[in-house]
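Working notes, beginning with the structure itself.
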Amino acid sequence: MELHLLLHSALMHAMAALVVLVYIPLSAPVKLLVRAFVKPLTKEDLRGKVVLITGASSGIGEELAYQYAKEDACLALVARRKQALKSVAAAALERGAPDALVFPADVTDPEQSRSAVEAAVAHYGKLNHLVANAGLWSSCAFDQVTNISAFTKLMDVNFWGLCLPNLLCSAAPQGQQRETHRVFLSSGDGGHVEDGLLQCKQIKET
Ligand SMILES: NC(=O)c1ccc[n+]([C@@H]2O[C@H](COP(=O)([O-])OP(=O)(O)OC[C@H]3O[C@@H](n4cnc5c(N)ncnc54)[C@H](OP(=O)(O)O)[C@@H]3O)[C@@H](O)[C@H]2O)c1
């Protein structure tokens, strides 16, 4: 066998041995150690932080409210259904949120969005996180669209419903606080159009 083939074979065997003898046995314990000791140091302390979540009355927004509640964050819950928001607020309080207020609003309406953001900031005096989660799902092929005005609603919720609370929280006076962390709920493959399908995710991608 030629020298370079021998070297190549030896290198491949050495790499395989490294993976089997070093990487596989060590990767799991190293991950556990990072999770136990490094993550707690880099994770934000949410105790007493104020989080406004749009679309908090159901689905992902509701679950996010509970996750923030477990971290002792104060909640401002926004959506159109007041009763559903109240139930989420009650459940969030049970899970540890020090305070959970509901601000019923349609996020496509600039005045309702303004009232919700301003009322939350007026009550808490600050807004540390804004989670722009409210959104609608829809999917159909371009050639099946019979009522184009239905997409105006989709655009209003998925685009303006995301922009408005953001613009408003930038404008709202928040005392000494300078920065609000912003989380946007998008859709995984919004940039990809399949077979003429017009979907909520393309609107979110704009
Ligand atoms: N579930 C998924 O697999 C998935 C995948 C990709 C992206 N997403 C995105 O994740 C977000 C949440 O999805 P989800 O599955 O949890 O949806 P969902 O269960 O249908 O919840 C949507 C939420 O948005 C609120 N909402 C809708 N229109 C609103 C409006 N005009 N003003 C205020 N609130 C409004 C609804 O509350 P009211 O009806 O009370 O107003 C509800 O709380 C959406 O932005 C969605 O596009 C979800």
Side-chain angles (χ1 to χ4, degrees), residues 50-71 73-95 97 99-124 127 129-142 145 147-172 180-195 197-206:
V50 177
V51 182
L52 186 149
I53 305 172
T54 70
S57 58
S58 60
I60 295 172
E62 176 181 0
E63 182 55 33
L64 286 173
Y66 299 150
Q67 295 302 321
Y68 274 109
K70 282 186 202 161
E71 302 285 330
C74 297
L75 300 173
L77 305 174
V78 178
R80 292 165 302 177
R81 287 171 294 153
K82 189 174 180 180
Q83 280 314 316
L85 281 179
K86 282 187 164 180
S87 306
V88 175
L93 289 170
E94 281 172 16
R95 286 167 170 78
D99 200 356
L101 293 181
V102 305
F103 300 99
D106 184 330
V107 291
T108 65
D109 181 314
E111 282 318 308
Q112 291 187 34
S113 284
R114 181 189 305 282
S115 300
V117 172
E118 286 183 354
V121 173
H123 177 80
Y124 289 116
L127 186 54
H129 286 215
L130 169 71
V131 183
N133 161 77
L136 299 177
W137 188 87
S138 172
S139 171
C140 71
F142 282 114
V145 176
N147 176 15
I148 198 73
S149 62
F151 289 97
T152 313
K153 180 74 180 162
L154 200 62
M155 187 71 185
D156 281 349
V157 179
N158 287 358
F159 182 76
W160 290 113
L162 196 137
C163 293
L164 280 172
N166 272 284
L167 293 170
L168 293 164
C169 90
S170 303
T180 302
H181 296 287
R182 292 137 200 264
V183 180
F184 302 90
L185 266 284
S186 182
S187 192
D189 54 350
H192 177 63
V193 180
E194 302 158 14
D195 299 334
L197 279 184
L198 179 61
Q199 301 191 336
C200 68
K201 58 191 185 184
Q202 270 85 51
I203 291 174
K204 278 172 172 277
E205 193 71 8
T206 50

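Here, residue 1 is the first one in the sequence, and each next residue gets the next number. For ligands, and for the atoms within them, numbers begin at 1 and follow the listed sequence.
Within the 4.5 Å cutoff, side-chain heavy atoms of Asn158 are placed close to those of Leu136. Within the 4.5 Å cutoff, the side chain of Phe103 has no heavy atoms near those of the Leu52 side chain.
In the vicinity of Val157, heavy-atom distances shorter than 4.0 Å reach the ligand 1 atoms 28 (N), 31 (N). Residue-ligand proximity, Ala134 to ligand 1, at heavy-atom distances under 4.0 Å covers atoms 24 (O), 26 (N), 34 (N), 35 (C), 45 (O). Under a 4.0 Å criterion applied to the non-hydrogen atoms of Gly59, ligand 1 contributes the atoms 16 (O), 19 (O). Residue-ligand proximity, Asp106 to ligand 1, at heavy-atom distances under 4.0 Å covers atoms 30 (C), 31 (N), 32 (N).
Not a single heavy atom of Ala84 lies less than 4.0 angstrom from ligand 1. The closest approach between a heavy atom of Thr54 and any atom of ligand 1 is not below 4.0 Å.
If you check the side chains of Gln67 and Glu71, you find no donor sitting under 3.5 Å from an acceptor.
With hydrogens and angles disregarded, no donor-acceptor distance shorter than 3.5 Å links the side chain of Thr108 to the backbone of Gly161. Thr54 places a side-chain N or O within 3.5 Å of a backbone atom of Ala134 that can act as its donor or acceptor partner. For Asn133 (side chain) and Gly55 (main-chain N/O), a donor-acceptor pair under 3.5 Å exists by modelled atom type.
If you look at Ile60 next to ligand 1, the close heavy atoms, those under 4.0 Å, come from the backbone and the side chain alike.
In terms of polar-atom proximity, defined here as any N/O pair under 3.5 Å, Lys153 makes no such contact with ligand 1. Taking only nitrogen or oxygen atoms, main chain and side chain alike, Thr108 does not reach within less than 3.5 Å of ligand 1.
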task: Would you sort out whether Tyr66 and Val88 count as a side-chain contact (heavy atoms from CB on, under 4.5 Å), showing the intermediate values?
output: CA-CA 8 Å; Tyr66 299 150; Val88 175; 3.9 Å; yes
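The closest heavy-atom contact to atom 33 (C) of ligand 1, among the options Ala105, Gly55, Ser113, comes from Ala105.
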